[in-house]
Chemist: 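First, the structure itself, so that you have it in front of you.
One-based numbering, in listed order, for ligands and for the atoms of each.
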Amino acid sequence: MKVLLSGYNFDADIIKELKEKAGWEKDNVTPETLSAAYARISRDPRDIEELRREAREEVDRSRKSNETIIFGLGHASVAEHAYFNFDIIGLSRLAVEQVQKFRMASFTEKSQRYITLEGDFVIPEEIKEAGFKKEFKELIKEQNSVYNKIFSSLQDYLFDKHSDMIRKKAGRRTVEGWAKEDARYVVSLATESQFGMSVNARSLENILRQLGNSGLKECRDLSVRLYDLVKYLSPSIIKYILPTEYDRSGIKEIGNVLGDLHTDERKAALPEVKLVSRTSDPDKAVAAAIVSDIKGISYGSAMKAVKSMDQEKLRSLFVKALKYRMSYDTVKRYFEFADTTFEIVLSATNYAQLKRHRIASLLAGPYDTDLGYTLPPNIERIGMENEFRKIMAKTDDLYKEMSGTLPSHAQYVLTNAHRRRLLLKMDLREIYHFMALRLDEHAQWDIRNTAEKMLSELKKAAPLSTMMCCGKSDFRERSKDIFD
Ligand SMILES: Cc1cc2nc3c(=O)[nH]c(=O)nc-3n(C[C@H](O)[C@H](O)[C@H](O)COP(=O)(O)OP(=O)(O)OC[C@H]3O[C@@H](n4cnc5c(N)ncnc54)[C@H](O)[C@@H]3O)c2cc1C
C-alpha cells in the first residue's frame, strides 16, 4: 500500500508569501490541478502521482480537460476535489441565513454570546432607495440601546445569582455570555456578523447561482465578490454561476397557479412543535433494517420477523444495538430508516442554531409578526419585560409600514426574538446527533426547549429506538439506567 498526502488547504497569505519568496511565476498554484489529475484517473493507466505532475506542469491542458470532464461529460463531482476558504465579514444576520442554508459547506460564525454588540448594522440599499433610511436607523439604534440596558441588568442579576462562578475569569466570561445571549433577542437581523466558510468548487458554484437569485442585494453582491475571488484562480471548475429560469420563475409560477388560498389557520395558535409526519412505526422500521442487515434477508422477511416479536424481545434488540456505544459514537445507519417531520415555530435566535444541522431537510417560511416573538425568561425575571415588549411593538409597527413596499427587506428590522415557521425533516440517526448537542447542558435554552418538545413527541411514537436519545451531558447517567 502507498498513501500520499496530495494536497491540503492552508492560509492564502502563506501561499502569497511563499510565492513571493520563491519568485514563483507559474500559474499552477491552483486547486484545479488536483481536480484535473483525479478526473483522469478512471481513463488513464498512469499512476496518480504522474497524473498530478503532468496536471501541475500543463495547467492550460488541465483546465481544458476539467471543462470537458466536469461540464462536457457532467462529472461534476470532480470539482469537489478543489476546496476554498473565505472570510465573510460585515454581512447582515438576515443575509447570513441565506448563505448558511447550504448543506455541503462548513461554517463557523462569531457567536453573539461572546461579543458585545457595538451597534454595527447594515443599511440595505433597498431600504435607502425606498426612503426608509431615517426610520430604519432610528429604530435599530433604539433596539441597540435597549440591548445595552438589558445586558447590563442581566449581567448584574446573573453575577449575583452565580457569585461563586464569577470568582474565576473563565466562569465570569461564561456568565457574561449568558447575559449577552439573552440581551441579543432585541437586536435586529440587520446586525453585522462574521464567519468563515469552507467549501468545495462544486458546492460553491451552486451557492453563487442561488445567491445571485436572492431578493437581497447583499446576497447578490456577495455572489459577485466570491466569484471575483476564485474566477482567475480556478476558471475551469466553476462555470454555471448565473441563476437559471428554473431558479427565477418556477416558484413564482407555482404561486400563480395556486392563486389565493383561503385557510382558517390562526397563526398565533400554531403549536411551537408538532410532529406532522413520520414513518408509521419507527421502532419496527429500524428493527427491520437491523434484522435484514444482520441476518442477510430481505426487508419484507425481516419486517415479518420483527412483527412476530414480543415487546420484550424487541426491546432487547434495541438494548444490544445501543449498549456499547460511547457518547461520541454516531448511532448506526439502521436509524436512518425511520423519518420524522416536525413543524416548528421558532425565534430567529433558535433558527440560527437549528439551520446549522446540515443533514436535516429544512424549509423555513419568512419571519412573520403574526407568529409573535420569544421573550427570554431571564428578561421577565429582571423586570424588563415591559421595555422588551415596547421595543417589539415599535419594531412591528415599522415592519408593517415597510412591508407594503418591501415585503422581503422589511425583515431586516425584525429582531432575534421574532419568529418564523419551519418544516424540519430528520431521520432518527440525525435526531440522535441533534439531541446529543441540543439537549446538552451547554445548549442554549431556546433550542433546548425545542429539542425537548421534539423528543417528547417522538418518544410516544418510537419509545424503543429513541431510548438512548439524550444530551451528551446525560449520556453516562442514561446508559447506567438502561444497561446496568
Ligand atoms: C453549545 C453549542 C455552541 C455552538 N457555538 C457555535 C459558535 O459559536 N459558532 C458557530 O459557528 N457554531 C456554533 N455551534 C454550531 C456547531 O458548530 C455546529 O455547526 C452545529 O451544532 C451542527 O452540528 P454538526 O456540524 O455536528 O452536525 P450536522 O450538520 O447536524 O451534521 C450531522 C453529522 O454529519 C456529519 N457531517 C455533516 N457535514 C459534514 C462535513 N461537511 N464533513 C464531515 N462530517 C459532516 C458529522 O458527523 C456531523 O456530526 C454551536 C453548537 C453548540 C451545540
Chemist: With a 4.0 Å cut-off, would you call Glu125 and Arg220 a salt bridge?
Modeler: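 Here Glu125 does not pair with Arg220 in a salt bridge, since their nearest N and O are not under 4.0 Å apart.
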
Chemist: Minimum distance, heavy atoms only, to atom 8 (O) of ligand 1: which one of Ala105, Ser111, Ala436, Ser193 is it?
Modeler: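 Heavy atom nearest to atom 8 (O) of ligand 1 belongs to Ser111.
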
Chemist: If you measure from OG on Ser188 to CG on Asn144, what distance do you get to the nearest 0.5 Å?
Modeler: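 Between Ser188 OG and Asn144 CG, I get 6.5 Å after rounding to 0.5 Å.
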
Chemist: Under 4.0 Å from ligand 1, counting heavy atoms only, is it the side chain of His357, its backbone, both or neither?
Modeler: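 Looking at His357 and ligand 1, atoms from backbone and side chain both fall under 4.0 Å.
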
Chemist: Would you call Asp164-Arg167 a salt bridge at under 4.0 Å N-O?
Modeler: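 No, Asp164 and Arg167 are not salt-bridged.
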
Chemist: Hey, are Thr395 and Tyr373 close enough side-chain-wise for a donor-acceptor pair under 3.5 Å?
Modeler: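 Looking only at side-chain atoms, Thr395 and Tyr373 do not form any donor-acceptor pair under 3.5 Å.
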
Chemist: Using 4.0 Å as the upper bound for N to carboxylate O, is an ion pair formed by Glu32 and Arg63?
Modeler: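 Yes.
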
Chemist: Do Arg381 and Asn378 have a side chain donor and acceptor closer than 3.5 Å?
Modeler: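 Result is yes, a qualifying pair exists.
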
Chemist: Can you check ring pair (Phe, Tyr, Trp, His ring centres under 6.0 Å) on Tyr38 and His81, steps first, answer last?
Modeler: CA-CA 8 Å; Tyr38 290 164; His81 295 294; 4.6 Å; yes

Chemist: With the threshold set strictly below 4.0 angstrom, can you tell me whether any protein non-hydrogen atom sits that near atom 47 (O) of ligand 1?
Modeler: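 No.
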
Chemist: Under 4.0 Å from any heavy atom of Thr108, which atoms of ligand 1 are there?
Modeler: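 Checking each atom against Thr108, I get 11 (O).
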
Chemist: Less than 4.0 Å from atom 22 (C) of ligand 1, is there any heavy atom belonging to the protein?
Modeler: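 Yes.
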
Chemist: Do any non-hydrogen protein atoms sit less than 4.0 Å from atom 14 (N) of ligand 1?
Modeler: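 Flag for atom 14 (N) of ligand 1 set to false, no protein heavy atom closer than 4.0 Å.
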
Chemist: Please check atom 27 (O) of ligand 1 for a protein heavy-atom neighbour under 4.0 Å.
Modeler: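 Looking at atom 27 (O) of ligand 1, one finds that a protein heavy atom does lie closer than 4.0 Å.
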
Chemist: Could you tell me if any non-hydrogen atom of Glu430 lies under 4.0 Å from any atom of ligand 1?
Modeler: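 Contact check Glu430 vs ligand 1: positive.
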
Chemist: Of the protein's non-hydrogen atoms, which lies at the shortest distance from atom 1 (C) of ligand 1, and what is that distance?
Modeler: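 It is His442 O, 3.7 Å.
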
Chemist: Side-chain donor-acceptor pair under 3.5 Å between Asn206 and Ser203, yes or no?
Modeler: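 Looking only at side-chain atoms, Ser203 and Asn206 do not form any donor-acceptor pair under 3.5 Å.
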
Chemist: Determine whether any protein heavy atom is located less than 4.0 Å from atom 43 (C) of ligand 1.
Modeler: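 False for atom 43 (C) of ligand 1.
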
Chemist: Tell me, which protein residue and heavy-atom name are nearest atom 35 (C) of ligand 1, and how many Å apart are they?
Modeler: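 Here the nearest protein heavy atom works out to Ile359 CD1, 4.6 Å.
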
Chemist: Answer yes if a protein heavy atom lies under 4.0 Å from atom 52 (C) of ligand 1, otherwise answer no.
Modeler: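 Under the 4.0 Å cut-off, atom 52 (C) of ligand 1 does have protein heavy-atom neighbours.
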
Chemist: Within the 3.5 Å criterion, strictly below it, is a donor on Thr374 or Arg419 matched to an acceptor on the partner's side chain?
Modeler: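 On atom types as modelled, these side chains qualify, holding a pair under 3.5 Å.
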
Chemist: Counting only heavy atoms, which portion of Arg438 has something under 4.0 Å from ligand 1: side chain, backbone, both, or neither?
Modeler: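 It is the side chain that gets close, since no backbone atom is under 4.0 Å.
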
Chemist: Out of His433, Met104, Lys355, Arg356, whose heavy atom is nearest to atom 18 (C) of ligand 1?
Modeler: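 Result: the heavy atom closest to atom 18 (C) of ligand 1 is in Arg356.
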
Chemist: Are any non-hydrogen side-chain atoms of Val187 and Gln143 less than 4.5 angstrom apart?
Modeler: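 They are not in side-chain contact.
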
Chemist: Go through Phe107 and Phe102 one step at a time and tell me if the ring pair (Phe, Tyr, Trp, His ring centres under 6.0 Å) criterion holds.
Modeler: CA-CA 10 Å; Phe107 305 101; Phe102 292 96; 8.1 Å; no

Chemist: I'd like to check atom 3 (C) of ligand 1 in this structure: does the protein have a heavy atom lying under 4.0 Å from it?
Modeler: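 Within 4.0 Å of atom 3 (C) of ligand 1, no protein heavy atoms are found.
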
Chemist: So which heavy atom in the protein is nearest atom 36 (N) of ligand 1, and how far is it from that ligand atom?
Modeler: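 Sorting protein heavy atoms by distance from atom 36 (N) of ligand 1 puts Arg358 NH2, 4.1 Å first.
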
Chemist: Around atom 9 (N) of ligand 1, find the nearest protein heavy atom and jot down its residue, atom name and distance.
Modeler: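 Among all protein heavy atoms, the one nearest atom 9 (N) of ligand 1 is Glu109 O, 2.9 Å.
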
